[in-house]
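Just so you know, residue 1 is the first one in the sequence shown, and it goes up from there. All values below come from the heavy atoms of this structure, side chains included, with hydrogens, waters and symmetry mates left out.
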Amino acid sequence: MKTVSENRCFGGMQGVYSHESQATGCTMTFGLFLPEESSIRPVPVLWYLSGLTCTHENAMVKSGAQAWAALHGIALVFPDTSPRGAGVADDDAYDLGQGAGFYLNATQEPWAKHYRMWDYITDELPRLVTANFAVEEDRQSITGHSMGGHGALTLAMGLRGRFRSVSAFAPICNPTRSDWGRKQFGAYLGGSESSWTAHDATHLMQGVGFDGPMLIDTGTKDQFWDHLGTDAFAATFAARRQEGAIRLQKGYDHSYFFVSTFVEDHIGFHAEALFAG
């Protein structure tokens with residue numbers, strides 16, 4: 001692991017690090033904010049998964065999350081959204097290939113060699129972070145925006161017991177019925193739609209739900225509303241009587257202005273779960 005940069009931030013440290021990934025077969029970069037408390041003891045972790053076209057840097061720079069994480073003594077991990085590099089398969093479209101990993105393990109060529117973001121996010125990167133930094137392995141929660149909200153929801157429901165809480169900003173929550181999902185799942189996973197449902201939050205809510213609290217915010221003026229599947233997910237959320245809340249925020253769109261407005265709420269929500277018990 002190499003240190004790309006480290007900057008003092010709200011009493012703690014915002015670092016950026018790179019490493020050679022066995023899961024993705026390329027160099028990966030991630031951001032990590034450590035609050036001041038990490039200098040004396042391990043701290044809980046909140047994972048932030050970003051959306052289409054983003055790198056580790058977007059949320060790290062634009063969300064303002066560090067101020068609230070510092071207030072609660074929580075570490076933040078900002079992974080990249082896909083494998084990258086000259087030898088990594090890509091596509092001219094913004095919503096497929098580099099920057100659009102969709103947090104799954106691809107099984108189809110030319111994607112299968114590198115696009116193993118499920119393994120990277122759930123196994124390799126957590127092992128790297130817990131081995132090298134003062135963070136707690138058993139106090140972790142997850143959040144994300146858009147495609148990253150999709151990832152947060154599907155990882156939380158697919159790995160029961162791993163995360164104490166899950167939240168999302170404008171998540172893609174019914175991708176098997178969306179242009180932000182069907183195209184990518186067909187490319188990465190192949191034409192058999194039965195293999196897609198493990199990465200669809202609406203199907204997972206119908207089948208297993210989440211064993212903890214959930215918070216979702218989406219703006220009523222989100223310009224990508226038709227891609228998100230909020231209506232279908234909300235129906236399954238209510239039918240399962242899932243613990244948590246889906247909030248429609250009047251007048252907000254899909255941007256980081258929206259994320260930064262409500263990130264304080266989300267980190268406070270996760271802090272309550274992370275420090276309980």
Q) Does a sphere of radius 6.0 Å around CD in Glu272 hold more than 12 heavy atoms from other residues, nucleotides or ligands, not counting ones at 6.0 Å or beyond? A) no

Q: Can you establish whether the number of heavy atoms outside Arg241 located under 6.0 Å from its atom CZ is more than 12?
A: no

Q. For Asp222 and His254, does a side-chain donor sit closer than 3.5 Å to a side-chain acceptor?
A. yes

(Q) Looking at Trp118, I want to see if its CH2 is surrounded by more than 12 non-hydrogen atoms of other residues, nucleotides or ligands under 6.0 Å. (A) yes

Q: Look at atom CD of Glu36 and say whether more than 12 heavy atoms of other residues, nucleotides or ligands are closer to it than 6.0 Å.
A: no

**Q.** Connected via hydrophobic side-chain network under 4.5 Å: Tyr115 and Leu52
**A.** yes

Q) Is it the case that one hydrophobic cluster holds both Met147 and Val88, taking links as side-chain heavy atoms less than 4.5 Å apart, direct or via other members? A) yes

(Q) Just so I know, are the side chains of Thr176 and Phe185 near enough to count as touching, which here means a heavy-atom distance under 4.5 Å? (A) yes

Q. Distance from Met205 atom CE to Phe233 atom CZ, nearest 0.5 Å?
A. 4.0 Å

Q.
Holding to salt bridge (Lys or Arg N to Asp or Glu O under 4.0 Å), I want the full list of residues that pass it with Arg160, two or more places apart in sequence or in another chain.
A. none

Q. Looking at Tyr256, Tyr48, Phe257, which one forms a ring pair (Phe, Tyr, Trp, His ring centres under 6.0 Å) with His145?
A. Tyr256

Q.
Looking at Gln22, I want to see if its CD is surrounded by more than 12 non-hydrogen atoms of other residues, nucleotides or ligands under 6.0 Å.
A. no

Q) Going from CD on Glu124 to CZ on Arg116, what distance comes out if it is rounded to the nearest 0.5 angstrom? A) 11.0 Å

Q. Taking a hydrophobic cluster as the set of Ile, Leu, Val, Met, Phe, Trp and Tyr residues connected by side-chain heavy atoms closer than 4.5 Å, whether directly or through intermediates, do Leu228 and Ile246 fall within one such cluster?
A. yes

Q.
A quick test of your reading: do over 12 heavy atoms of other residues, nucleotides or ligands sit less than 6.0 Å from NZ of Lys113?
A. no

Q: Look at the side-chain heavy atoms of Ile, Leu, Val, Met, Phe, Trp and Tyr, link any pair under 4.5 Å apart, and say whether Phe275 and Trp47 land in one connected group.
A: no

Q.
Holding to salt bridge (Lys or Arg N to Asp or Glu O under 4.0 Å), I want the full list of residues that pass it with Lys62, two or more places apart in sequence or in another chain.
A. none

